[in-house]
Number of protein chains: 2
Amino acid sequence: MNADKIPDIIIGRLPVYLRALQRMAENGVKTTSSQELGEHVGISAAQIRKDISQFGEFGKQGTGYSISFLIDKLREILNVNRMWDVAIVGAGDMGHALARYQGFTNRGFRVVMIFDNDPAKVGLKVGEYTIEDTAKLVDRIRTSKIKMAMMTVPASTAQAVADKLVQAGVKAILNYAPISINVPESVHVQYIDPSTHLQRMTYYLD
Amino acid sequence: MNADKIPDIIIGRLPVYLRALQRMAENGVKTTSSQELGEHVGISAAQIRKDISQFGEFGKQGTGYSISFLIDKLREILNVNRMWDVAIVGAGDMGHALARYQGFTNRGFRVVMIFDNDPAKVGLKVGEYTIEDTAKLVDRIRTSKIKMAMMTVPASTAQAVADKLVQAGVKAILNYAPISINVPESVHVQYIDPSTHLQRMTYYLD
DNA sequence: TAGATTGTTAATCGATTAACAATC
DNA sequence: TAGATTGTTAATCGATTAACAATC
C-alpha cells in the first residue's frame, strides 16, 4: 500500500474496474489482463496498470491478474469488504425504486431505513421497510450509527435534509436532488441528476 | 464562439452551472458573479470564468453576469434551448420512477415512450405512457427519430438493448444498468450506478 | 471617481501515455 | 526457451490556479 495520497480521479475508476471484474468472475473467467479489462471498461491498459499499481503489485508478468485476487484487493481498498447500512430520505418514486433495488447487496450496501416528511406516507410500507418520519431522522440515524444516505427529496428541501444528515453523523451522501449542496469538508457527496447527465450529451448532438 | 474543440470536462460542468443559475433565477436573483456562483456549486471562481469564456464574453467587469442572459447562452451551448424526446427501455421500478419524474421538462427533456420485454408488462400504463414491446423498439424509435434513451434494464440484457438503440439511430444513452457498454464512437454514453457512486465514497470512510 | 469583477495570460500542477526492462 | 504482460519511468499532454490589466 502506498502512503501517498491517491488522487480521487483514480478512486473513481476503481469501482468501475471492480464491477467489470465481478461480472467476469460470474462468467467463470479466472484471469484477465490490463488490455482485456481496458476493452471492457473503455480505459487504456496503461492507465489501468498505473491505477492498480498505486496500491501494490497485484499482477504477474506474462499472465496478468487473477480476477478473484484483484476483486478481493479492490474490495479491501474501497472498504466494501463489509456491509454498509444506508438510509434513504424521500419516499417518492425514486426513493421507492432505490428501496426495492436488488443491486446493492453484492456491492457492499444494505438499505436499512427510509424517511419521508409527508404524514400521509409515514407508517406505509415500501418493500420491507416502514416509512419513518423525517422529524426522527437525526435520532434514528445517530443511534443506528449509519454513515451513508441517499437523498431523493425535492431540490427545495435538499439543503435542510443534508444539514440534518450531517448533524446525525452521516459522512457520505448520494444526492438525487437536482441541486448542489453545501456540507463540511469531512462529508462526501456524489450527485446523480439525470437531466445533468443528459445535458452533458446534448452538447454533442444536433 | 470558439472554433477550438472544448474539453469534455468543461462541458460536464456547464449543466451544473445552468442548474444553479436556473435556481437563482427562480429565487428572483438577477445577476451573479463567478465568486458567488462558485460558492453555490463548489468550484473556484477562476475556473468558472475560464469555462464560460470559452464560449464568449458573457459577463461585465464590475457587475458580473446577468443570470437570464447566461442561462440563455448556456442553454444554447448545451443544445437544450429546445425539447429532446427521450425513450425509456426497462419498465421496472427505476423505469417507472423516471417515467413519472417531473424534473425533465424545464431542463429540455420529455419522455415519450417506454419499453419492456416482459409480455406481462406490455400494454400496462406507466403514468401517461403505455408500455410497449422491446421487440418493436428499433422500428418505433427510428420512425419517431428519437436520439436519446435511458436504459433501466438488468446488466444481463444491457449490451443487447444498447445494440438495438444504436441500430435505431439513438446517439445518446443514459445507462442505469450496472455494466459498461460498448457502442460506436459516434454514440455518447453516461453512466448512473448508485453502487459505483457509493463505492467511490466508502474509500474515504472507516 | 472608486470599487468590483471580468477575461486572459503565464505559471503551476496533475493526469495520461508511450516505452521498455523485468520477469512470469 | 519464447511469448506475454506487468510495474515503472520519463515524456507528453491537459487542467487548474494565481495574478492582473482592462473596464464597467
Side-chain angles (χ1 to χ4, degrees), chain A residues 1-17 20-21 24 29-74 77 185 200 203, chain B residues 1-17 20-21 24 29-74 77 185 200 203:
Chain A
M1 183 73 86
N2 196 319
D4 295 348
K5 197 169 165 297
I6 310 286
D8 180 64
I9 196 159
I10 292 183
I11 303 307
R13 284 190 293 260
L14 300 186
V16 177
Y17 302 160
L21 291 163
M24 289 176 175
V29 187
K30 299 297 181 197
T31 65
T32 190
S33 63
S34 57
Q35 172 76 30
E36 185 184 51
L37 180 55
E39 279 161 19
H40 275 76
V41 299
I43 292 176
S44 79
Q47 181 155 86
I48 288 175
R49 289 202 302 279
K50 192 125 209 282
D51 286 352
I52 292 173
S53 72
Q54 305 296 310
F55 304 94
E57 306 194 354
F58 300 152
K60 271 203 185 69
Q61 286 102 325
T63 56
Y65 302 92
S66 153
I67 289 179
S68 68
F69 181 76
L70 191 50
I71 286 174
D72 283 350
K73 286 300 180 184
L74 287 175
I77 293 162
E185 278 213 358
R200 187 178 188 152
Y203 172 81
Chain B
M1 184 74 85
N2 196 321
D4 295 348
K5 198 169 165 297
I6 310 286
D8 180 65
I9 196 159
I10 292 183
I11 303 308
R13 283 189 293 259
L14 301 185
V16 177
Y17 302 160
L21 291 164
M24 288 176 176
V29 187
K30 299 298 182 197
T31 64
T32 190
S33 63
S34 57
Q35 172 75 31
E36 186 185 50
L37 180 55
E39 280 162 17
H40 275 76
V41 300
I43 292 176
S44 80
Q47 182 156 84
I48 288 175
R49 289 202 302 279
K50 192 126 210 283
D51 286 352
I52 293 173
S53 72
Q54 305 297 308
F55 304 95
E57 305 193 357
F58 301 153
K60 272 204 184 71
Q61 286 101 326
T63 55
Y65 301 92
S66 153
I67 289 178
S68 68
F69 181 76
L70 191 51
I71 286 174
D72 283 350
K73 287 300 179 184
L74 287 175
I77 292 161
E185 276 213 359
R200 187 179 187 150
Y203 171 80

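Chain letters run A, B, ... following the sequence lines, proteins first, then strands; residues in each count from 1. All values below come from the heavy atoms of this structure, side chains included, with hydrogens, waters and symmetry mates left out.
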Peer 1: Could you check if a side-chain atom of B/R200 sits within less than 4.5 angstrom of a side-chain atom of A/D8, using non-hydrogen atoms only?
Peer 2: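 A side-chain contact exists here, since the closest heavy-atom pair is under 4.5 Å.
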Peer 1: Are any of the side-chain heavy atoms of A/M24 and A/L37 separated by less than 4.5 Å?
Peer 2: yes
Peer 1: Just how far, in rounded Å, is C1' of C/dG14 from CG of A/D8?
Peer 2: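 It is 13 Å, rounded to the nearest whole Å.
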Peer 1: Expressed as a whole number of angstroms, how long is the span from A/E39:CD to D/dT5:C1'?
Peer 2: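 One finds 14 Å between C1' of D/dT5 and CD of A/E39, rounded.
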Peer 1: Whole angstrom is fine here: how far is it from CD in B/Q47 over to C1' in C/dG7?
Peer 2: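 Spelled out: CD on B/Q47 to C1' on C/dG7 is 15 Å.
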Peer 1: Output a table of nitrogen or oxygen pairs between the protein and nucleotides 22-24 of chain D separated by less than 3.5 Å.
Peer 2:
from   : atom 1 : to    : atom 2 : distance (Å)
D/dT23 : O4'    : B/Q61 : NE2    : 3.4
D/dC24 : O4'    : B/Q61 : O      : 3.4
D/dC24 : O2     : B/Q61 : O      : 3.3

Peer 1: Going by heavy atoms in the side chains, are A/R13 and A/I48 under 4.5 Å from each other?
Peer 2: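 Side-chain contact under 4.5 Å: no.
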Peer 1: Working to the nearest 0.5 Å, report the span between OG1 of A/T31 and NZ of A/K60.
Peer 2: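 A/T31 OG1 to A/K60 NZ: 10.0 Å, rounded to 0.5 Å.
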Peer 1: To the closest 0.5 Å, what do you measure between CZ (A/F55) and CD1 (A/I77)?
Peer 2: 5.0 Å
Peer 1: To the nearest 0.5 Å, what is the distance between CG (A/L14) and CD (A/Q54)?
Peer 2: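 That separation rounds to 9.5 Å.
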Peer 1: Applying the side chain to side chain contact (heavy atoms under 4.5 Å, CB included) criterion to B/S34, which one of B/E39, B/Q47, B/R49, B/K50 satisfies it?
Peer 2: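 For B/S34, the side chain to side chain contact (heavy atoms under 4.5 Å, CB included) test succeeds with only one of B/E39, B/Q47, B/R49, B/K50, which is B/R49.
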Peer 1: Specify the separation, in whole Å, of atom CD1 of B/I9 and atom C1' of D/dG14.
Peer 2: 9 Å
Peer 1: With side chain to side chain contact (heavy atoms under 4.5 Å, CB included) as the test, pick out the partner of A/F58 among A/D72, A/L70, A/L74.
Peer 2: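 Answer to the side chain to side chain contact (heavy atoms under 4.5 Å, CB included) test with A/F58 among A/D72, A/L70, A/L74: A/L70.
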Peer 1: Under 3.5 Å, which N/O atoms of the protein pair with N/O atoms of nucleotides 8-11 of chain D?
Peer 2:
from  : atom 1 : to    : atom 2 : distance (Å)
D/dT8 : OP1    : A/E57 : OE2    : 3.4

Peer 1: Nearest-Å distance, CG (B/D51) to C1' (D/dT16)?
Peer 2: 10 Å
Peer 1: How many whole angstroms separate atom CD of A/Q35 from atom C1' of C/dA19?
Peer 2: 15 Å
Peer 1: Within the structure provided, determine whether A/I52 and A/Y65 are in side-chain contact (heavy-atom separation under 4.5 Å).
Peer 2: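 Yes. Closest side-chain heavy atoms under 4.5 Å.
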Peer 1: So how far is it from B/K30 NZ to B/S68 OG, rounded to the nearest 0.5 Å?
Peer 2: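 So the gap between those two atoms works out to 7.5 Å.
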Peer 1: Calculate the interatomic distance between B/K5 atom NZ and D/dC13 atom P; express it in whole Å.
Peer 2: 15 Å
Peer 1: Atom NZ of A/K73 to atom P of D/dG7: distance rounded to whole Å?
Peer 2: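 The distance from NZ of A/K73 to P of D/dG7 comes to 13 Å, rounded to the nearest Å.
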Peer 1: Both distances under 3.5 Å, Watson-Crick or G-U wobble: on that basis, could you give the dot-bracket string for DNA chain D, with [ ] for crossing pairs and | for other-strand partners?
Peer 2: ..||||||||||||||||||||||
Peer 1: Between A/Y65 and D/dA4, does any side-chain N or O lie under 4.0 Å from OP1 or OP2?
Peer 2: no
Peer 1: Let me confirm one number: the CD1-CG distance from A/I43 to A/D51, rounded to the nearest 0.5 Å.
Peer 2: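 Nearest 0.5 Å value for the CD1-CG distance: 7.0 Å.
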